[in-house]
Amino acid sequence: MIEQAFRVNKVPLPWNKALLAGLCSGISVLTGVLRGDLGFGLLAVIGSFTFLYFADIPYAQRAKKLFFVMMGMTLSVGLGTLLAPTPLASAIAVAFIGAVVTFIFGSLNIKGPAAIFFVMGFSLTTGMPLEPELAIYRSGAVLLGGAISWIVGMIGWLFRPHGPETNAVQNLYQKLASFLDAVGTERFHQSRQDLLVALKGAEDTLVAGITPWRKSNSLYMLLSLHKQANAIFLEALDYSVERGQKLPPELAASVRRVAAGIKRPDCHENTAEVPKAVEPSLQQMHKLIREACSISARREPPDSRDWNKTFSKPSLAIVFGGSFDKHSIVFLTALRYGVVLLIAALVAYSLDFNRSYWVTLSCAAVMSGSTIIATFHRAIQRCIGTIVGILIAAILLQAQPDGFLLVIMITLLTILTELAIVLNYAIAAFFLTPNALLLVESTSHLHNVPLLASARFVDVLIGCLIGLVGTLVIGRRQASSLLPHLMAKTIRSQQQFLLALFSEHGSQTDLFDSVERRKMHTNLTNLQIVYSTALGEIPGNKKRTAFLWPAIYSIAQLGYLLEACMKYEERTVLPDETLSRLLLVFETMAKAAEDTLSLPPKDVPAIPGFPNIEKEIHDLQEALLVSVKGSTG
């Protein structure tokens, strides 16, 4: 476990994001240098950390995300300035900020640093001179830095307004081609999982790019291609269920040409037509691939359907409501984050540490780990990385940097931090620590190296210990204890959605925005998050939890197939007797998952037109048997 904490990840370095992040920080400091107010520029750097939340997501979503991060950072700094004279109020406020931001990021499933930079912005201002009257001044500087980051993050819209959506759909078709190659081989299950992740990811990206005030033929073309990929996948899945044979290689080759043509229409010259299939069972698949080639070559959708309805997205109230539950790992994680952060802040203030915010900040950084194991790793990495970082900071501060030299230092440290963060957090701390110290100490003239090094290291060590112990005590078996309940809850929500799909009542209602669909979607998302978290718990029987994967995997596959089925305008209305038998099957599976019972599989009645759903229900029963035996054995 300790060895893993120092393992360097072999991943491509994010040069583009790192250079742009450095540019944002450098420009922010430069604004202070040029106006003869270095303190203003250093405050603006805190706002420039907004760019660290940058991600390759649709510009419509990116604009809102960066804007709210910018405003959140501004409010954090303003609030920290106002509350700094009152330690108790500061401790409560920083805990509240950490918990709320963690909850929001978890509910919206936003990747990135989450609450850490909000906590940093608040904490750094509590270590500055106690001048509440400067709240507006400091907030304004942070807002300027955030605005610079927002502009840099959105500049790509001028050149490729639908770049992220295009990348997602192109990746989807590459995964689809790999899946077609894998049909009838031992790579089938892994390839199917990869494709489902790509389908869901592309749909989320496309939905995020839809805006009610702007219609775009390019976006509609991509939405049409996503729909077509879904249809090709389901057709191939039916073929694998009925025949179990390998597909002709020209099918995958044609799909790869579609993928290439999404960005380069000229790739379709003389290749858009797919040869007609000799085998009757493949005629429909050939037709669907030819249609995908045609959509991509024409650069426009084949019709003018209301895509806002077909690709609907839940409201924020529904998303947050689904996470605000005593069984939600997002809610419990946010609550734990806030409680432990409050303890760290109270300890720091009560012991009257010099620059006590380092205790709180270190605690927040340690708890940013997604699992208990990740938290343990983060604690080790933070301590070792901070030791090296303090030494680097001491050397830099000895030079008493000012003006353009400080601009260069902060720019380089920001770039190096972003490059190192994907390799190992300890390496990133080499540069993150001196960057934070430069922001605070550059104008304080505190350059006593032994005092600086010893004080910061003690603060960091205490903060890491509080974060680690708090996480272990409060949440060491939190996720694994939730798994049986959440598995059963998800299966029952799938049962309700299946009833809505194939009953007479369901054929007359809008299932895209139905309560049944929303519940199933929320439960599936929560289940996957909880399972990933449970695998990283300490102490925990990782092998026992791993045995649940076949059932978790099958539940996810079934959820996707049910949602895909919803997009068929004409579905069979099953008789009450068949629906009753299906409900009994689902309730038996839910009971087996909830109470960890080894119940024999029941016969799955036929669902005309959807053999893949029948097979997945049967596979889920078998997976539950394997999971129960493995987890109790």
Side-chain angles (χ1 to χ4, degrees), residues 1-9 18 25 45 49 52 113 116-117 119-120 123-124 127 340-341 344-345 347-348 351-369 372-401 406 409-410 412-442 444-472:
M1 196 180 304
I2 295 176
E3 180 185 350
Q4 290 176 353
F6 296 103
R7 182 176 298 164
V8 177
N9 301 316
S25 295
V45 174
F49 291 151
L52 302 183
I116 180 62
F117 288 101
V119 173
M120 175 184 282
S123 299
L124 289 179
V340 178
L341 207 58
V347 168
L351 296 180
D352 196 25
F353 285 116
N354 177 30
R355 299 290 200 273
S356 60
Y357 60 83
W358 277 96
V359 175
T360 310
L361 190 55
S362 298
C363 179
V366 165
M367 289 193 298
S368 296
I372 303 294
I373 291 178
T375 301
F376 182 77
H377 288 165
R378 186 63 65 93
I380 299 173
Q381 293 162 348
R382 179 76 178 177
C383 290
I384 302 300
T386 298
I387 294 173
V388 178
I390 288 173
L391 295 176
I392 294 174
I395 295 171
L396 295 178
L397 286 170
Q398 285 281 32
Q400 298 188 9
L406 192 59
M409 284 184 177
I410 289 178
L412 289 177
L413 287 171
T414 302
I415 292 173
L416 291 171
T417 300
E418 280 304 294
L419 292 176
I421 196 70
V422 300
L423 300 176
N424 187 286
Y425 183 77
I427 302 175
F430 294 174
F431 312 110
L432 180 61
T433 301
N435 207 1
L437 284 168
L438 282 176
L439 293 180
V440 179
E441 310 292 357
S442 292
S444 67
H445 307 293
L446 177 62
H447 304 311
N448 186 321
V449 177
L451 175 63
L452 177 68
S454 60
R456 293 300 78 81
F457 176 68
V458 171
D459 294 347
V460 168
L461 182 61
I462 291 174
C464 289
L465 286 175
I466 293 173
L468 182 59
V469 172
T471 303
L472 288 173

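For reference, positions follow the sequence shown, starting with 1.
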A.B. asks: Rounded to the nearest 0.5 Å, what separates atom OG1 in Thr433 from atom CD1 in Ile387?
C.D. replies: 10.5 Å

A.B. asks: Ignoring hydrogens, what is the shortest heavy-atom contact between Pro401 and Met409? Give both atom names and the distance.
C.D. replies: CB-SD, 3.6 Å

A.B. asks: Taking all heavy atoms of Val359 and all of Ala348, pick out the closest pair and write down the distance.
C.D. replies: CB-CB, 3.7 Å

A.B. asks: Do you know which two heavy atoms are closest between Trp358 and Ala436, and how far apart they sit?
C.D. replies: CH2-CB, 4.0 Å

A.B. asks: By the definition side-chain hydrogen bond (donor to acceptor under 3.5 Å, both in side chains), identify the one residue from Arg378, His377, Gln381, Arg382 that meets it with Tyr425.
C.D. replies: Arg382

A.B. asks: Is Leu361 close to Ile116 at the side-chain level, that is, under 4.5 Å between some pair of heavy atoms?
C.D. replies: yes

A.B. asks: Please report the shortest heavy-atom distance between Ala379 and Cys464, naming the atom on each side.
C.D. replies: O-SG, 4.0 Å

A.B. asks: Within the 4.5 Å heavy-atom criterion, are Asn424 and Asn9 side-chain neighbours or not?
C.D. replies: no

A.B. asks: Between Thr414 and Asn435, is there a side-chain heavy-atom distance shorter than 4.5 Å?
C.D. replies: yes

A.B. asks: What is the distance from atom CG of Leu432 to atom CG of Leu437, rounded to the nearest 0.5 Å?
C.D. replies: 9.5 Å

A.B. asks: Looking only at heavy atoms, which two atoms of Leu413 and Thr417 are closest? And how far apart?
C.D. replies: O-OG1, 2.7 Å

A.B. asks: Using distance alone, with no hydrogens and no angle criterion, decide if Asp459 and Ser362 have a side-chain donor and acceptor under 3.5 Å apart.
C.D. replies: no

A.B. asks: Could you tell me which non-hydrogen atom of Val340 sits nearest to which non-hydrogen atom of Ile466, and how far apart they are?
C.D. replies: CG1-O, 3.7 Å

A.B. asks: Do Ile410 and Leu439 have side-chain heavy atoms sitting under 4.5 Å apart?
C.D. replies: yes

